[in-house]
K.L.:
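Structure provided below as structure tokens; questions to follow.
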Number of protein chains: 2
Amino acid sequence: MARHDEVLIALRQIIRATDLYSRKLSKVAGLTAPQLLILQAIASQGEMTMGDIATEVSVSQATVTTILDRLEKRGLIERKRGERDKRRVYAYLTDAGRDIMERAPTPLQDEFMSRFSRLEDWEQSLILSSLQRVAAMMNAGDIDASPVLDLGAIDRIQPAAGRRRTDSSFETDQK
Amino acid sequence: MARHDEVLIALRQIIRATDLYSRKLSKVAGLTAPQLLILQAIASQGEMTMGDIATEVSVSQATVTTILDRLEKRGLIERKRGERDKRRVYAYLTDAGRDIMERAPTPLQDEFMSRFSRLEDWEQSLILSSLQRVAAMMNAGDIDASPVLDLGAIDRIQPAAGRRRTDSSFETDQK
DNA sequence: GGAAACTATTTTGACATCTAAATATTATAT
DNA sequence: ATATAATATTTAGATGTCAAAATAGTTTCC
């Protein structure tokens, strides 16, 4: 099997394991991994705007909004509109939020954590730097995303079954 | 910053980059990464059941069902109920499916791929084996963890000595 | 032959996630 | 001061994803 296929498989397994752990966390601690990460970020800063959080935990702002909606509904955080600049919205932990966050497990598999920490120092840094390299190689492409690609294939995509394009990968259409 | 926090950050960046690429793929080629992976799996086998596909690409059966629903709606695959065993449902590529699949890019960032392939051989294998180790360390947890939860799955997990199944803890050994 | 046990798939209900568009507000330039 | 550009958040619409429950079909065993 080709190297890159093996890389792909390993990556998918890592992604899946992370997701499965998040669900387990949710059952055991009542918080998913992203929820916990966001709570931790807020706890460490005191107050944060959506944008701050998005940058900090590497997700889009829209995602932060929906996660905060759930956390707010459960009374774990509060939102407050900025006074100086009313476009901003600051998130704070409530006591309940601080409480649950402090007793929750880590957002990374505990099994993984303990295994990882048992490795020799050089092994840890080898793994870390490999991950960072992969991340860097992947993000590099984003920076100068090519706007121009051959879209010939796209026009042919939905010939079958006719009208219903649930997909909408193309231009606007209701005029 | 602690090592494991850095690991966590790198992982989230990788996960996000993978997701973003999938969306870009969807715009450019009309297929998301999982859709493409599933199409490729079917193409290589000729016909597959949901369970086969789930095992092959490392996702749950329910996920396969929803993805195939979309592919079927677009006329890229067809389902056919098994004749011998009517519980089974086989998925086949249509001509349109074969066509689009063949002209689609790889399911891994091309940017990443080309950078990766430009690395020295030893570097590639270092990175690959780091990823595999991380995957293994994460999946290991699945097997013997889950203390509090009632799991019917547990009885199906035989106390394997050395052999590690890198995938989900409870794949049915269909064969 | 029929009930119990097992196997395969689909459905249901939640989350996380993104982009693009819609809103709301602030800052800037004419 | 007013229109326009820039910034911050939310809403809308799509996927992907899973566990658990519901369905459907097969096997086994008395």
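As the structure is a prediction and not an experimental result, all values here were calculated from the model. Labels below follow one simple rule: chain letters A, B, ... track the order of the sequence lines, proteins then strands, and each chain is numbered from 1.
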K.L.:
Which nucleotide sits closest to the side chain of B/P34: D/dT17, D/dA19, C/dA16?
P.N.:
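Nearest nucleotide to the side chain: D/dT17.
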K.L.:
If the cut-off is 4.0 Å, is A/Q35 near the phosphate of C/dA16, judged by side-chain N/O to OP1 or OP2?
P.N.:
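It does, given that an N or O in the side chain of A/Q35 lies less than 4.0 Å from OP1 or OP2 of C/dA16.
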K.L.:
Using modelled atom types and a 3.5 Å cut-off, is there a donor and acceptor pairing between side-chain atoms of B/Q13 and backbone atoms of B/A10?
P.N.:
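Flag not set: sc B/Q13 to bb B/A10 has no pair under 3.5 Å.
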K.L.:
Answer with base, sugar-phosphate or nothing: what part of the nucleic acid does B/T32 contact at a heavy-atom distance below 4.0 Å?
P.N.:
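Sugar-phosphate, no base atom in range.
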K.L.:
If each of A/V59 and B/A62 is mapped to the nucleotide of DNA chain C with the nearest heavy atom, which maps nearer the 5' terminus, i.e. the 5' end?
P.N.:
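On the 5' side of the pair lies B/A62.
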K.L.:
Which whole-number value in Å describes the distance from A/L25 CG to C/dA16 C1'?
P.N.:
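Distance, rounded to whole Å: 14 Å.
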K.L.:
In residues 4-11 of chain B, which ones come under 4.0 Å of DNA chain C, going by heavy atoms?
P.N.:
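Nucleic-acid contacts, sorted: none.
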K.L.:
What is the separation between atom CZ on B/R79 and atom P on C/dT11, rounded to the nearest whole Å?
P.N.:
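My rounded result for the distance is 8 Å.
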K.L.:
Output yes when a side-chain donor or acceptor of B/T32 lies under 3.5 Å from a complementary backbone atom of B/S22, and no otherwise.
P.N.:
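No, B/T32 side chain to B/S22 backbone: no donor-acceptor pair under 3.5 Å.
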K.L.:
Please identify which of these residues, B/L11, B/L8, B/I9, meets the side chain to side chain contact (heavy atoms under 4.5 Å, CB included) condition with A/L131.
P.N.:
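Looking at B/L11, B/L8, B/I9, the match for A/L131 under the side chain to side chain contact (heavy atoms under 4.5 Å, CB included) is B/L11.
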K.L.:
Round to a whole Å and report the spacing from CZ of A/R70 to C1' of C/dC15.
P.N.:
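Rounded to the whole Å, the gap is 5 Å.
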K.L.:
To the nearest angstrom, how far is A/I67 atom CD1 from C/dT17 atom C1'?
P.N.:
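Taking CD1 of A/I67 and C1' of C/dT17, I get 8 Å after rounding.
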K.L.:
Are any of B/T66's side-chain N or O atoms less than 4.0 Å away from OP1 or OP2 of D/dT17?
P.N.:
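Looking at the OP1 and OP2 atoms of D/dT17, neither is under 4.0 Å from any side-chain N or O of B/T66.
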K.L.:
Is A/E47 atom CD crowded by more than 12 heavy atoms from other residues, nucleotides or ligands, each under 6.0 Å away?
P.N.:
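Counting other residues, nucleotides and ligands, CD of A/E47 exceeds 12 neighbours.
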K.L.:
Rounded off to whole Å, could you give me the NZ-to-C1' distance for the A/K73 and C/dA14 pair?
P.N.:
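Atom-to-atom, A/K73 to C/dA14, this comes out as 11 Å.
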K.L.:
We want to know whether A/R133 and A/S129 form a side-chain donor-acceptor pair, criterion being a heavy-atom distance below 3.5 angstrom.
P.N.:
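Note: A/R133 and A/S129 side chains miss the donor-acceptor criterion.
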K.L.:
Between A/Y90 and A/Y92, what is the ring plane arrangement, given parallel below 30°, perpendicular above 60°, and tilted in between?
P.N.:
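Geometry flag for A/Y92 against A/Y90: tilted rings.
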K.L.:
Quick check against the 3.5 Å criterion: does B/N139 have a side-chain atom that pairs as donor or acceptor with the backbone of B/A135?
P.N.:
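Indeed, once roles are kept as given, a pair shorter than 3.5 Å links the two residues.
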K.L.:
Taking side chain to side chain contact (heavy atoms under 4.5 Å, CB included) as the test, write out the residues that go with A/L128, two or more places apart.
P.N.:
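Side chain to side chain contact (heavy atoms under 4.5 Å, CB included) list for A/L128, sorted by chain: A/Q132, B/R3, B/E6, B/V7.
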K.L.:
Could you state the atom-to-atom distance from CZ of B/R16 to C1' of C/dC18 in whole Å?
P.N.:
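Rounded to the whole Å, the gap is 8 Å.
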K.L.:
Looking just at side-chain N and O atoms, do A/S60 and A/T63 make a donor-acceptor pair shorter than 3.5 Å?
P.N.:
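Yes, side-chain donor-acceptor contact under 3.5 Å.
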K.L.:
Take atom CZ of B/R12 and atom C1' of C/dA16, then tell me their distance rounded to the nearest Å.
P.N.:
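About 9 Å, once rounded to whole Å.
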K.L.:
If you pin A/V64 and A/R23 to their nearest nucleotides in DNA chain D, which one's is more 5'?
P.N.:
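So the residue in question is A/V64.
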K.L.:
Does B/T63 make a side-chain N or O approach to OP1 or OP2 of D/dT17 shorter than 4.0 Å?
P.N.:
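Checking B/T63 against D/dT17: no side-chain N or O falls below 4.0 Å of OP1 or OP2.
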K.L.:
To the nearest Å, give me how far apart CG (A/D69) and P (C/dA16) are.
P.N.:
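In whole Å, C/dA16 P lies 11 Å from A/D69 CG.
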K.L.:
Identify the pairs formed between an N or O of the protein and an N or O of nucleotides 21-26 of chain D at a distance under 3.5 Å, and give each distance.
P.N.:
{"residue": "D/dG25", "atom": "N2", "partner": "B/R87", "partner atom": "NH1", "Å": "3.0"}
{"residue": "D/dT26", "atom": "OP1", "partner": "B/K86", "partner atom": "N", "Å": "3.2"}

K.L.:
Return no unless some side-chain N or O of A/Q61 is found under 4.0 Å from OP1 or OP2 of C/dT17.
P.N.:
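Result: no.
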K.L.:
Going by distance alone, is a donor N or O of one side chain under 3.5 Å from an acceptor N or O of the other, for B/D52 and B/T49?
P.N.:
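A pair is found: one side chain offers a donor N or O, the other an acceptor, under 3.5 Å apart.
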